[in-house]
Amino acid sequence: MNNVGYVTKFLLFAAIIFTSCKENTPVAIVLNYDCLYSKLNDMQNILDTAAVGDEDGTYPYESVIILAKEKENLENAISMANADRFFLQYEIDNYCVMADKAIADFESSLQITLDPGTPAEIKVFGIDQKGRIEFGASPKFGGSDAFTVESWIKYDEGFYESAIGDFLATFNNTADPYEGWMINFMGDNLRATLGMGPQSNRVLEFGSVYPKNYGEWNHIAMVYDASLSEGQLKMYLNGELFFSKTNDIYDESGNLQSYVPNTQNTNMWAFQEPTDLSRCMTGYIKKFRMWDGAKSMEEIKYLMSSDVSGSESDLICAWDFTEMPEDVENIPDKTGQFSAKLVGKYKWYPLN
Amino acid sequence: MKLKINVIAVLILLSSMNTLLAQGVDIYGVVTDELDMPLPGVNIIIKGTQTGTVTDNNGVYRLHIPQDNSVVVFSFIGMEPKEVNVTQSGEYNVQLMPLENIINDVIVIGYGTVKKKDLTGSMVSVDGKKLQEALNTDMTESLNGRVSGVVVTKSSNKPGASMSMEIRGLNSINFSNEPLYVINGVPSYSGIKYLNSADIESIDILKDASSTAIYGSRGANGVVIITTKGANNKKGFNIEYSGNVGVKTPTRIPDMIGNYGDGYEYVEYKIELWKNKYGEASLSRPDFLTPDEKRRIKNGEYYDWLREVSSPSVVTNHNIISSGADENTSYSFSLGYTSDQGFLENEDYERITANVHLDQKLGSKFKTGVTTYLSNDVTDHGADEALLNAYFIPPIASPYDENHEYTFIVQPTSSKINPFFQMKNNLRQTKSFFSNFSSYIEYQPFDYLKFKSQVSYQYDNSVYGEWIGKETQQKQGVNPNEAYRSEGISNNLVWDNIATLSKSINKIHQIDAIGLFSLQKETHKGSHMRGEDLPYDSYWHAIGTANDIRDVDSWYWEASMVSFMLRANYSLKQKYMLTLTGRYDGTSRLSEENQWGFMPSVALGWQISEEPFLKNVNVINDLKLRLSYGKSGNNNITHDITLTKLDLSKYTFGTNGENGFGIGDVLGNRNLKWEMTSEYNLGIDFGLFNSRINGTIDAYYRTTDDLIMKRSISTVNGVNSVYQNIGETLNKGIEVSLNTVNISNPSFYWKSSVVFSLNRNEIVNLYGDDKDDLGNRWFIGYPIRVIYDFKQLGIWQVEEEEEAAKYGQSVGHIKVEDVNGDYQLDEKDYQILGSPMPDWTMGFINNFGYRNFDLMIDIYMRIGGLYHDEFTYMFTAWDNEHWNKLDVEYWTPENRSNKYQQVGAQSYYTQVLSQVSGTFLKVRNITLGYNLDKSFLDKIKMNDARVYLAVQNPFTFTDYLGSDPEIIGEDVNTQLSLYPMTFMFGVNVKF
């Protein structure tokens, strides 16, 4: 070997000695299978005791079949556990979570028949894209330089499982630039999101921690007013300012971006986003209205405790989901211009 | 003196007796100082051996040397060592000169030189040897910590990365703050990176306005004068080789979750992230873990992506310099080669340089000479985003498919593609050629008067090419390939005519004066084009074959300058000095009404140590006070800034596009003037204990007014703003340079050098209305660059849940300060948190010598400063479900971090995580050298030989989570790099 070779080897050796210092440590993982047996026991108890039939107050036979299949899956998981097929705890936990969902699904299938006009509230099972409300399509739903969306909402714990859970939306992230708006949940936050342009892939978005009063109604309102110098996007919760966000969306040249109303897909849905179907949630909706113009906090407080006739000049659309409709596929709005339909899994519960 | 003669006589006698008894030679003599006074305690050693002696109280020595033709080294604290060739026995009297008279004896001040003792301004000279010792490929970097007041910022640690320099802070808000570089007489704003440090004679940095006024309208940001090695007038033929080879390894690789093969750590993190972000049920989604990922986890097959994509690389330098001279001709010629490989594929920098210098005397009064410097550089920048993807991709993803071939998609649901594909298919390369020619003729009719005419020409061109193949991050394996090519060519022609007067009258009055008439013309041209969907992988060499050709453009502009300059320096009794400088510049960049400007300066010096009251103070051997004031301008402004321009627009009519022109949105202003800098400088030069401690302290106060700002006006015909001279900035600071000889004895020495810089920058005025510019984050009374944002107070803790809810926040989220207490966190709560400029910097270099060994330890630190760092933000704030992030203490109920939010928390205000401190301390270089024995060198007919081992960046102390705190804020998409630790072996030999 020549001298250069020796020198290079020496330098490489020095480099290795100087820079190597940490070793990989093998990880020992201990798995816990208890929940598998516990959930299996719960399922078996339900199947043993549930009243099955066609009448109100019983569970349909189809639901029993579905739950029995889920129980089989759980039994398979226990067999796999016995065969040491699991490696990570989350794989076991997944079966237990699935079991919980199967039990909840079964329980929600308890049969109740309501006559049209019966005072009731509606729960839409949006999780796993099972249900939604479609309000139809209209360029008006896309909003403008100033508009307000207000509604009552109720949800239980675990009301969304995807990255973003949409409550009300026209948002279209397949358009360039993004178009439309959405009231949505992400992480701990209740958020308002607006598509901005003309630059691609821009949104004006903000949120605040959503109320944790599970099972209780909250009134939420999203207000956009491009004419303001600050706080163009606001959200109100039960009549109080929830957050205020100034438009700070600039492109590389320093040009302020503007809200882009829907031009391509003008659908408006609840509990699922019209273009990104994975953004869904489960919950209740009561009164929902969209206004042309930015409502003030005082106006929103007033709207919380009042009804609309449908003839208000600035009203774009309004639905009251407060009683069993005649036709779940054709629920007229108060302005008489639009019609909503319930799609997939939902349930009306009578109001006592 | 009689005693001295007697002693010598005795020594002669003893010496002759001794000669009879032993072989070799005997020498004796007296060592004196610059005033001919005997120097006791002088170390005298036979070079290459440990044999030596010291002078006695009368400065007398005697020494027996076993071999003929030896070199004897005389050294003394505070004195420049001297080597004497001994060929035979006898008397060798030696005079040693104080260090301050030798080191930096002459400083290049532009169009001439000045003795350091006569300096009245603030200037620093860095010897080329010091630059070479630093072992940096781009010597600009070596100025950090070696020159006070200078901050060099690297864009990246990739080979060939660009650097920028600031001298005494930022002056201009809208235009360049880069100093003027004068390379062999050609002023320009670039070019230093093309030079090889082995070819540099010296770099002289002019800092205060009294010094930079000599460059008038281009001196406001300081002046860096680079002189390449010239003919050295050393008789005969000399040849010198210096070279090194090094291995670079990445150091301080950021700690990502699950690195070092501990991939299960990442699995735990991902479970936590998904549970917190999407709920527990989300873990049943098929994209949570793919079957392949589960298999790898089960088998413990993990990939440390940063270490997968990077590998040690080699850096090497080779330089050979030959020189020679006879009575009338002297010459030098050098060739240099540098290769610096990166850690990732297709990252490389290669430079070949040549330097030729020839001087010829034409009789006793004329002299002529030529200098040529050539540099050919190739920089392979590596792929965009390859390293970024390696950070993002988690350890449970594999770069290989089932056949152990690289796979393009490494995670089915992630947009981040395999960086190995990216490195192969995204190529970026810059090829540059730099040349600098100058020739002069000099006429010296009298000893005290010289005329010199010099023509210099600088040419550089640069071709940048980029290839984005289909299988890249940008094209995602779907979109067609793309090629881009741009080219730039610059020419710079300068004609300087200089008259130099140097006259001493009765050794009391000394007058030095320089007069200049200079013409300069520069031209710049370039073009670029982009093509998409090329039929072959022809890179950027066949854009014409692309289906879609766009971004085609070309440009040309020129500028010129005419200058008159006069500098006069008067010294009375070498105690009182006065320097007056005036430069009158005319530039084509401004309109006729304002294109001429006069920039004056005045400087005073008082050599206090020459005063009678200090003559007998032994502790102080040198003390000088300097005071200066001067004005200089910033000509580095857009060449057509005074004009209202027509913007080109493309209009579509039918199937054809038509060009249209319309007035741009900025109104030209013919009244614009240069941005002008005025500066006061107070300095002290000192030497203590026979210059065992010597140094310089400078304090400065610099204002830059008439800043060119774009002022909004009422919109008329589409014009909404106009440039005006309205802003003002201030820089003030202190600089200290200190050199000490801590220990010096015949076999061991320890010397230290400390360079300290402190600068405070502030905006004094913006638009003349005392209002801040919120949009640009410019605030009166604060530095030009600030971090204006929310201030992080910590993380909302469990016991603060109620308070957090008032802000719409949750426990585990980032807690920021509500400045106005209105429970609304908005822009009104933004604060000026700091400035991305260090509070102070310091270089601390220690040199040790023990017999034939020498050791250098180079330490550099920057203290303070708050920076915006995209890397830290991206890899601590982002919670993408498939990507990785930095392994830091994220908040959990059990482990209550007060810095980083809970994993998956969807916290707002995460931008505060990008605010990072700029404080660091680096041991930049440790070099251990060995000088070969003289006796051995004689055998192989060599004059000098030294070998050394060096390690660069062995230790770095910082809180920064990225790799190198010196490049905080690097562009993560195009510049992201790993931090090199380099182990080098080098040789210097002279024949």
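Below, chains carry the letters A, B, ... as their sequence lines are ordered, and counting in each starts from 1.
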From CA spacing to verdict: side chain to side chain donor-acceptor pair (under 3.5 Å), B/Asp292, B/Thr290: CA-CA 5 Å; B/Asp292 280 339; B/Thr290 65; 5.4 Å; no
Please flag which part of [X] lies under 4.5 Å from any non-hydrogen atom of chain B: side chain, backbone, both or neither.
X: A/Leu88; result: side chain
X: A/Phe206; result: both
X: A/Glu230; result: side chain
X: A/Asp93; result: side chain
X: A/Val97; result: side chain

Using non-hydrogen atoms and a 4.5 Å limit, figure out which bit of [X] sits close to chain A: side chain, backbone, both or neither.
X: B/Ile253; value: neither
X: B/Glu827; value: side chain
X: B/Leu283; value: both

Could you check whether [X] makes a cation-pi contact with [Y], meaning its NZ or CZ is under 6.0 Å from the centre of the six-membered ring and within 45° of the ring axis?
X: A/Lys345; Y: A/Phe125; answer: yes
X: B/Lys248; Y: B/Phe343; answer: yes
X: A/Lys212; Y: A/Tyr210; answer: yes
X: B/Lys270; Y: B/Phe288; answer: yes

Side chain to side chain contact (heavy atoms under 4.5 Å, CB included) filter on A/Met186, not counting sequence neighbours, yields A/Ile164, A/Arg191, B/Lys277, B/Gln906
Most chain B-contacting option - heavy-atom pairs closer than 4.5 Å, from A/Ser244, A/Gly207, A/Gly187, A/Gly158: A/Gly207
Greatest number of non-hydrogen atom pairs under 4.5 angstrom with chain B, of A/Tyr90, A/Tyr250, A/Tyr95, falls to A/Tyr90
Please identify which of these residues, A/Phe167, A/Phe185, A/Phe271, meets the ring pair (Phe, Tyr, Trp, His ring centres under 6.0 Å) condition with A/Tyr155. A/Phe185
Options B/Asp304, B/Leu825, B/Thr982, B/Leu289, ranked by heavy-atom pairs under 4.5 Å with chain A, top entry: B/Leu289
Shorter than 4.5 Å, heavy atoms on both sides: which option in B/Arg285, B/Lys294, B/Lys275 has the most such pairs with chain A? B/Lys294
